[in-house]
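Quick caveat, the model's predicted, so the values are computed rather than measured.
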Amino acid sequence: MSGKTNLLNPCTLRSTMTKEDPKMPTEPSSDNCSHCLLNRDMSKNKKTTTSSFPSKPSFMNWSMKDMIHVLRYHSILCAFALSLFFFMGVEYTLNMIPPSSPPFDIGFRLTQRLHHQLASRPALNTLLAGLNTVFVGMQTTYILWTWLVEGRSRATISTLFMFTCRGILGYSTQLPLPQEFLGSGADFPVGNVSFFLFFSGHVAGSVIASLDMRRMQRHELAWTFDMLNLLQGVRLLVTRGHYTIDLAVGVGAGVLFDSLAGKYEESKKISDHLYNTTDCSCADDATAAVQYKQ
């Protein structure tokens, strides 16, 4: 065998052995040989050319028919476009809240009457807090069940991502506790301990569990969790346990970290597949080389 042969390339090694021994099989041991894939990608990159700018702007090709199509089939996006200009006007003409005044929260305004009723009934407040803690336990049990019993880790990974981000953001900007806060020893975290206001882990955890239920076609259970999450959000506003923005971001955080956990799982599956394929390919070619020498 020639001393110039690149032994690090299993395809080159097999090709050389084939030339010296016609009985040697010519097919590589794996269609996913890492060296072949790398060479193909490099060849494609060499052929790829940078696209030039269009000769004229895209909007100059729009017709009245296109605009009617957008209004008819993309009405939600049109509404969002109008809301952009509306809230720009609201933002630029709004009187800012002075430092000496409490924060303005529209959720607090809408639940003011319920807040007064609950403040006058401590026993009811404790009961609702206990029920909310049970719901948090249901979320936790389901998420751990999917991992420990069903062997699916996405919901657990989502929760880890979510609470890590919540801890960083909650510590970075520590909002003042609302003056009308109604605490309870039965609420989670139990014992009237301190907690981060931004964002709501109660809401985000419920969203993560609900999304997993829908993936598994457990729609009735998912709708049950959604309704309980809605009631939980109302209670948190009534007791001033969270600002409205905490609850809204909690919903978005649940969706975001569920999506990121899915991407994380996919990336790990791809990397594990490439590792196993390369490992097996190298092992097969090494075996073939040993047999050839013998």
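- Dense packing is recorded around CG of L94, with more than 12 heavy atoms of other residues, nucleotides or ligands lying under 6.0 Å away.
- Around the CZ atom of F87, the shell of radius 6.0 Å holds no more than 12 heavy atoms that belong to other residues, nucleotides or ligands.
- Note: the hydrophobic cluster containing L175 also contains V249 (ILVMFWY, side chain heavy atoms under 4.5 Å, direct or indirect links).
- V238 and I106 fall into different hydrophobic clusters, where Ile, Leu, Val, Met, Phe, Trp and Tyr are joined by side-chain heavy atoms under 4.5 Å apart, directly or via other members.
- When all heavy atoms of Y243 and L177 are compared, the pair lying nearest together is OH-C, 4.3 Å.
- Note that the CD atom of Q139 and the CZ atom of F188 stand 9.5 Å from one another [nearest 0.5 Å].
- Contact of the I68 side chain with the M64 side chain is registered, since non-hydrogen atoms from C-beta on lie closer than 4.5 Å.
- Smallest separation of non-hydrogen atoms from F108 and R240: O-NH2, 3.1 Å.
- Using a cut-off of 4.0 Å between Lys/Arg side-chain N and Asp/Glu carboxylate O, R154 and E265 are scored as not salt-bridged.
- The closest side-chain donor-acceptor pair between Q117 and H115, if any, does not fall under 3.5 angstrom.
- The minimum heavy-atom distance linking V203 with V251 is given by the pair CG1-CG2, 3.6 Å.
- Ring geometry for H69 versus Y73: interplanar angle of 30 to 60°, hence tilted.
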For W223 and M213, what are the C-alpha separation, side-chain angles and deciding distance, and is it a side chain to side chain contact (heavy atoms under 4.5 Å, CB included)?
-> CA-CA 9 Å; W223 280 112; M213 293 169 186; over 6 Å; no
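- Once rounded to the nearest 0.5 Å, the distance linking CG of D105 with CD of Q112 reads 11.0 Å.
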Starting from the C-alpha separation in whole Å, work towards a yes-or-no answer on side chain to side chain contact (heavy atoms under 4.5 Å, CB included) for Y142 and M138.
-> CA-CA 6 Å; Y142 178 83; M138 293 167 59; over 6 Å; no
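- Hydrophobic clustering (ILVMFWY, side-chain heavy atoms < 4.5 Å, transitive): F161 and L169 are in one cluster.
- One hydrophobic cluster, built from ILVMFWY side chains closer than 4.5 Å, cannot hold both M227 and V134; they sit in different ones.
- Looking at heavy atoms from C-beta onward, D66 lies out of side-chain contact with V70 at the 4.5 angstrom threshold.
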H242 vs L197, side chain to side chain contact (heavy atoms under 4.5 Å, CB included): CA-CA, chis, key distance, verdict | CA-CA 6 Å; H242 274 293; L197 283 168; 4.2 Å; yes
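- Here the CG atom belonging to D187 is positioned 11.0 Å from the CG atom belonging to L131, to the nearest 0.5 angstrom.
- Side-chain contact check for D226 and S210: at least one donor-acceptor pair (N or O, by modelled atom type) lies under 3.5 Å.
- To the nearest 0.5 angstrom, L160 atom CG is 13.0 Å from C165 atom SG.
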Does the pair I157 and Y264 meet the rule for a side chain to side chain contact (heavy atoms under 4.5 Å, CB included), with working shown?
-> CA-CA 9 Å; I157 296 172; Y264 175 84; 4.0 Å; yes
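- Rounding to the nearest 0.5 Å gives a distance of 13.5 Å between CZ of F198 and CD of Q174.
- Within 6.0 Å of atom CE in M67, more than 12 heavy atoms from other residues, nucleotides or ligands are found, so the atom counts as buried in its surroundings.
- When all heavy atoms of P102 and I97 are compared, the pair lying nearest together is O-CG2, 3.6 Å.
- Expressed to the nearest 0.5 Å, how far CG of L124 lies from OG of S184 amounts to 10.5 Å.
- Residue I245 qualifies as open at atom CD1: its count of foreign heavy atoms under 6.0 Å is 12 or below.
- Looking only at atom types and distance, the side chain of D246 has no donor-acceptor partner in the side chain of S200 under 3.5 Å away.
- D212 and A155 make their closest contact through OD1-CB, 4.1 Å (heavy atoms, listed as atom of the first residue, atom of the second, distance).
- The environment of CG in L144 is crowded: more than 12 heavy-atom neighbours from other residues, nucleotides or ligands sit within 6.0 Å.
- Cluster annotation: F195 is connected to F163 through the hydrophobic network of ILVMFWY side chains, with a link wherever side-chain heavy atoms come within less than 4.5 Å.
- The shortest distance between side-chain heavy atoms of H202 and F135 does not fall below 4.5 Å.
- Heavy-atom minimum distance, T93 versus G89: OG1-O, 2.7 Å.
- A distance-only check finds no donor-acceptor pair linking the side chain of N125 to the backbone of L118 [under 3.5 Å].
- The only member of T111, L182, L128 that meets side chain to side chain contact (heavy atoms under 4.5 Å, CB included) when paired with T239 is L182.
- Salt bridge absent: D258 and R214 never bring a charged side-chain N and a carboxylate O closer than 4.0 Å.
- Taking 4.0 Å as the cut-off between side-chain N and carboxylate O, R215 and E150 do not count as a salt-bridged pair.
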